[in-house]
Amino acid sequence: MQRRIAELYAIAASHLHQRQRSSLTVDIVPLDFCAYTPEDMNPFKHDPTLLQSPDAKLPAWWPREMHTGGSAQRTVGQSTKTAAPWKSFAHVAVGGTFDHLHVGHKILLTATALAATKRIVCGISADALLDNKRYKEYLESYRARELNVLLFLRKIRKNIIVELVPIVDRYGPTITDPTIGALVVSQETLPGSDALNVRREELGMPPMHLLPIDLVAATGLTTGDDGHLKISSTAIRAALAE
């Protein structure tokens with residue numbers, strides 16, 4: 001299901017990019033897990049939201065609507081019971097800067113929401129950690145990034161605790177909360193994630209299960225400078241700076 005959601009995001013992002021409408025965004029909500037009905041989604045009716053069951057067929061309308069300049073579109077896929085992407089855990093963590101929330105962020109956050117049964121712990125880089133970021137003058141404030149993450153997670157999962165924590169060091173809440181059972185990471189950050197479990201062991205905490213997501217392999221998109229559609233916050237800030 002994780003891959004299915006990533007594929008849908010890739011289709012959306014590619015069509016928006018091809019039609020020079022990259023400033024628009026699409027949120028994909030898996031109906032079987034979000035605990036919302038289509039009627040519950042009315043508060044989000046002004047957002048481009050795709051209500052899609054992960055194993056339903058790709059929405060045939062997508063290229064046609066985007067080609068004709070359709071605005072916010074919503075469709076409801078078949079309601080089917082699907083398995084969670086990994087073993088479920090009561091408390092699942094994820095971390096990042098989450099600047100200018102983009103496709104990669106949304107896939108990570110969605111995977112976290114689907115793996116958690118009780119609580120999501122989301123670490124968000126504090127402003128003080130971002131001084132060396134490129135195009136830092138176009139960085140969103142911590143409060144803006146925090147709000148965007150909260151609103152997105154609330155859309156994905158209705159009945160779950162969301163705890164947002166500022167990250168002020170490399171460890172974040174993973175070394176202060178022994179109840180965290182799993183950590184969702186990108187393939188790029190997976191090698192450094194082992195250090196978190198080493199530190200937890202030193203503090204007498206149980207290790208976290210690491211749940212990696214290869215965003216490039218899952219979506220076919222890239223974060224590199226090879227002419228393909230980029231999914232990085234740096235690329236978004238660079239575009240704003242032009």
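Everything numeric in this text was worked out from a predicted model, so none of it was measured. If you read the sequence from its start, that first residue is 1, and numbering goes on from there.
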Task: Cluster link V149 to V103, ILVMFWY, side chain under 4.5 Å - done: yes
Task: Which residues share a side-chain hydrogen bond (donor to acceptor under 3.5 Å, both in side chains) with E202, sequence neighbours left out - done: R199
- [ ] For I161, check side chain to side chain contact (heavy atoms under 4.5 Å, CB included) against everything at least two apart and list the hits.
- [x] R119
- [ ] Identify, with sequence neighbours excluded, every residue that meets side chain to side chain contact (heavy atoms under 4.5 Å, CB included) alongside L210.
- [x] L183, L190, S193, D194, N197
TODO: Return the set of residues passing side chain to side chain contact (heavy atoms under 4.5 Å, CB included) with A195 (not counting sequence neighbours), or none when no residue passes.
DONE: R170
- [ ] Check for a donor-acceptor pair, side chain of R200 on one end and backbone N or O of I175 on the other, with a separation under 3.5 Å.
- [x] no
Task: By side chain to side chain contact (heavy atoms under 4.5 Å, CB included) - contacts of A144 (at least two apart) - done: E140, S141
Task: Residue pair V185, I213: steps toward the side chain to side chain contact (heavy atoms under 4.5 Å, CB included) verdict - done: CA-CA 6 Å; V185 297; I213 296 179; over 6 Å; no
Open item on the list: If you compare all heavy atoms of I160 against all heavy atoms of K118, which two are closest, and at what distance to 0.1 Å?
Closed with: CG1-O, 3.2 Å
Task: Pairwise salt bridge (charged side-chain N to carboxylate O under 4.0 Å, His left out) hits with a residue in residues 95-110, at least two apart - done: D27-K106, D99-R237
- [ ] Using the test side-chain hydrogen bond (donor to acceptor under 3.5 Å, both in side chains), find all partners of D127 that sit at least two apart in sequence or belong to another chain.
- [x] R145
Task: D177 backbone acceptor or donor facing H91 side chain under 3.5 Å - done: no
Task: Side-chain (T174) to main-chain (Y171) donor-acceptor, under 3.5 angstrom - done: yes
Open item on the list: With clusters defined by side-chain heavy atoms of hydrophobic residues (ILVMFWY) lying less than 4.5 Å apart, directly or transitively, does L109 cluster with Y142?
Closed with: yes
